[in-house]
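Here it is, the structure in full.
Only heavy atoms go into these numbers, but all of them, side chains included; no hydrogens, no water, no symmetry mates.
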Amino acid sequence: MSKITTINPATEEEIQSYDLMSEAEAIQRVESCHDAHLEWRKLSHKERAPYLTKIAAKLRENADELAALMTRETGKLLKDGKTEVEICAAIFEYTAKNGPDVLADEERTHGADGKRGVVTYQPIGVIYSIQPWNFPLYQPTRVLAANLMTGNGCVLKHASICTGSGLRLRELCIEAGLPEDLFQVILIDHDTSDKLIEHPKVRGVTMTGSDGAGRHIGSVAAKSLKKTVLELGSNDAYLVLEDADIETAVKFSVMGRLYNNGETCVSAKRFIVADKVHDAFVDAFVAEMKKINMGDPTDENVQLGPLSSQDQFETVRDQVKESVDKGAKVLCGGEVPDRTGAYYPATVLSDLKPGMPAFDDEIFGPVASIIRAKDDDDAMRLANDSRYGLGGGIFSKDEDRALKLAKEHFDTGMIRINSFGAADPNMPFGGVKDSGYGREHGGFGMKEFANAKAIFLP
């Protein structure tokens, strides 16, 4: 493949074509980024902060344009795109405000007589960022903001279907005053990407995507002794316990399953419902899912747009079909509409069991899996009976008990209680098990690719 062509998933029309870079050109971008980092690292954290604040302002100035571009490239609802721009601006501002304190030198002591020691968080160089298409602005932003504050440079390989969004982010960063070579966007194939991971000027690799892709990238990086941060998706379980408020549970379950057209790593995917409230929840949930208005993502009244591409549509369609062929029951949706675009309806599946994609795997689309639990303990067991562990949720009127379950029993990186949300700049983001390792946001991301350097004074 010598070109990348972006396609509007709602209309199937071509948007733009881009030439892939040669290996030599991609390596030159890495080396230019390294050179820019050598100058950038001379600035203090406080001196770096205003650059991030200016990028936030530039994003807000161009919010309508950015949202429209993301909608054209990935089919996300226009209103969700505007929300995404604001989240990105908030991340840059949070990092600018908190970074100098998070990364400040720490005074310590060493030796029996308490001699002076200093721990300093120093940049390591070029961070290679491999990002997916579901949040074309947010995914690269959460890596970029943290590493700019740390003093690192960043080279982005974005998903091909949102190439325009990645390039536009870089343009706006430069317009905001960021040194031109400090943030690079490269258009390359997978073979060239592997060679970049091995390049000595690349000092760390971060990637968001499937667990299969994470295994490959993690292994390539490990062979070169490169640190990685991997966020690898999930099939997040939301527990509806025996004392759950059904109205609250249904409200946030619909929101949690359909946010960003169901294409969110940390969205609600499996709904594990205690037998006592199973029928009441399922009846109300299915009724709401049947009401969902699917259509043009630029229409403010539409609640569900197309999937991001024809390939993604086919993947979701086939996962549902395989689950049904193995005995799953369709409670609503499940039928492909006869229309132009990668549209898949809001769908609810029940009667699920191990061996079905809807039980075992991540369905990256508007498909909800209903799993009946005997009781609350069984619900918690089923939730943890997964190879994934990114996020999850608990619906219960007993907030203290839900908090205890979340802290001590839920084997994931993030848990929502009686609510739904994706990410917050002030809270760590990341998972366990096959959902990967490492953390972003909440100050944690700024230290992932920092050299915690110990200095011993006499």
Side-chain angles (χ1 to χ4, degrees), residues 4 18 20-38 40-41 95 122-133 135-160 162-163 165-167 169-170 173 178-232 429-430 436-440 444-451:
I4 291 170
Y18 307 86
L20 283 181
M21 295 175 178
S22 66
E23 182 182 336
E25 187 177 359
I27 289 173
Q28 180 57 50
R29 296 292 184 102
V30 169
E31 292 176 346
S32 296
C33 182
H34 173 77
D35 291 342
H37 142 77
L38 293 178
W40 180 252
R41 68 174 296 150
T95 308
Q122 293 297 317
I124 59 173
V126 175
I127 307 305
Y128 183 32
S129 174
I130 303 169
Q131 298 301 328
W133 42 258
F135 291 96
L137 204 65
Y138 163 73
Q139 294 287 170
T141 285
R142 67 187 193 184
V143 174
L144 180 63
N147 282 288
L148 289 178
M149 177 52 70
T150 304
N152 295 321
C154 188
V155 173
L156 168 66
K157 179 190 181 295
H158 216 336
S160 60
C162 57
T163 296
S165 295
L167 292 170
L169 173 60
R170 178 173 183 263
C173 287
L178 194 71
E180 188 167 341
D181 289 329
L182 193 62
F183 172 38
Q184 298 281 4
V185 177
I186 53 173
L187 313 183
I188 57 174
D189 60 22
H190 294 303
D191 290 340
T192 302
S193 180
D194 284 355
K195 290 176 181 176
L196 286 195
I197 293 172
E198 297 166 353
H199 193 281
K201 290 289 195 294
V202 170
R203 294 289 299 276
V205 181
T206 181
M207 174 263 187
T208 298
S210 69
D211 50 325
R215 282 188 174 85
H216 173 78
I217 288 165
S219 66
V220 173
K223 287 174 185 175
S224 297
L225 299 178
K226 306 288 177 71
K227 180 180 179 179
T228 50
V229 170
L230 302 176
E231 194 271 275
L232 306 178
F429 189 104
Y437 49 78
R439 291 295 181 270
E440 295 167 309
F444 294 85
M446 291 181 244
K447 290 184 176 178
E448 285 286 2
F449 294 107
N451 176 8

**Report entry** Residue pairs, two or more places apart or on separate chains, that pass salt bridge (Lys or Arg N to Asp or Glu O under 4.0 Å) and touch residues 212-223
**Finding:** Asp211-Arg215, Arg215-Asp434

Query raised in the report: Hey, are the side chains of Arg203 and His34 touching, using non-hydrogen atoms and a 4.5 Å cut-off?
Result: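 When only atoms from C-beta onward are counted, His34 and Arg203 do not touch, as no gap falls below 4.5 Å.
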
Query - side-chain contact (heavy atoms from CB on, under 4.5 Å) involving Val155 - partner list, sequence neighbours excluded - result: Val30, Cys33, Val126, Tyr128, Gln184, Ile186

**Report entry** Smallest separation among heavy atoms of Gly153 and His37, with atom names
**Finding:**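 Reported closest heavy-atom pair: N-CB, 4.0 Å.
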
Query raised in the report: In terms of heavy-atom contacts, does CZ of Phe444 have more than 12 from other residues, nucleotides or ligands at under 6.0 Å?
Result: no

Query raised in the report: Can you name the closest pair of heavy atoms from Cys173 and Leu144 and give their distance?
Result: SG-CD2, 3.9 Å

Report task. Not counting sequence neighbours, which residues clear ring-ring contact (aromatic ring centres under 6.0 Å, His included) with His199? List them please. Result ->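 ring-ring contact (aromatic ring centres under 6.0 Å, His included) check on His199 returns nothing, list empty.
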
Query raised in the report: If every non-hydrogen atom of Gly430 is compared with every non-hydrogen atom of Arg439, which pair is closest and at what distance?
Result: C-NH1, 3.4 Å

**Report entry** Steps toward side chain to side chain contact (heavy atoms under 4.5 Å, CB included) verdict (Leu232, Ser210)
**Finding:** CA-CA 5 Å; Leu232 306 178; Ser210 69; over 6 Å; no

Report task. Please round to the nearest 0.5 Å and tell me the distance separating atom OG of Ser193 and atom CD1 of Ile188. Result -> 4.5 Å

Query raised in the report: Between atom CD of Gln139 and atom SG of Cys162, what is the distance when rounded to the nearest 0.5 Å?
Result: 9.0 Å

Requested in this report: Sequence neighbours left out, what passes ring-ring contact (aromatic ring centres under 6.0 Å, His included) with His158? Give chain and number order.
Outcome: none

Requested in this report: For the residue pair Ile27 and Thr192, establish whether any side-chain heavy-atom pair is separated by less than 4.5 Å.
Outcome: no

Report task. May I have the step-by-step check of side chain to side chain contact (heavy atoms under 4.5 Å, CB included) for Thr206 and Ile130, ending in yes or no? Result -> CA-CA 6 Å; Thr206 181; Ile130 303 169; over 6 Å; no

**Report entry** Sequence neighbours excluded - salt bridge (Lys or Arg N to Asp or Glu O under 4.0 Å) pairs with any residue from residues 20-30
**Finding:** Glu23-Lys195, Glu25-Arg29

Query raised in the report: CD1 of Ile127 to CG of Asn147: how many Å apart, nearest 0.5 Å?
Result: 5.0 Å

Query - Leu148 backbone acceptor or donor facing Asn152 side chain under 3.5 Å - result: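 Not a single qualifying donor-acceptor pair exists.
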
Report task. Identify, with sequence neighbours excluded, every residue that meets side-chain contact (heavy atoms from CB on, under 4.5 Å) alongside Tyr138. Result -> Glu84, Ile87, Cys88, Ile91, Phe135, Arg142, Ala423, Phe429, His441

Report summary line: Sorted by chain and number, sequence neighbours left out, side-chain contact (heavy atoms from CB on, under 4.5 Å) with Tyr18 holds for Ile4, Thr6, Gln16, Glu73, Thr163, Leu167, Leu187

Query raised in the report: Residues in side chain to side chain donor-acceptor pair (under 3.5 Å) with Asp194, at least two apart?
Result: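 So Asp194 forms a side chain to side chain donor-acceptor pair (under 3.5 Å) with His216.
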
**Report entry** Considering all heavy atoms, the nearest Gly166-Val185 contact
**Finding:** O-CG2, 3.5 Å

Query raised in the report: For Arg170 and Glu180, what are the C-alpha separation, side-chain angles and deciding distance, and is it a side chain to side chain contact (heavy atoms under 4.5 Å, CB included)?
Result: CA-CA 9 Å; Arg170 178 173 183 263; Glu180 188 167 341; 3.5 Å; yes

Report summary line: side-chain contact (heavy atoms from CB on, under 4.5 Å) filter on Ala221, not counting sequence neighbours, yields Ile197, Val205, Lys226, Thr228

Query - side chain to side chain donor-acceptor pair (under 3.5 Å) partners of Ser129, counting only residues at least two apart - result: Gln131

Requested in this report: Check the pair Glu448 / Lys227 against side chain to side chain contact (heavy atoms under 4.5 Å, CB included), numbers first and verdict last.
Outcome: CA-CA 9 Å; Glu448 285 286 2; Lys227 180 180 179 179; 2.9 Å; yes

**Report entry** Euclidean distance, Ile217 CD1 relative to Leu230 CG, rounded to 0.5 Å
**Finding:** 7.5 Å

**Report entry** Sequence-distant partners of Gln122, side chain to side chain donor-acceptor pair (under 3.5 Å), two or more places apart
**Finding:** Thr120

Report summary line: Between Trp133 and Ala159 the two heavy atoms that sit nearest each other are N-CB, 3.6 Å

Query raised in the report: What are the two closest heavy atoms between Ala450 and Thr150, and how far apart are they?
Result: CB-CG2, 3.8 Å

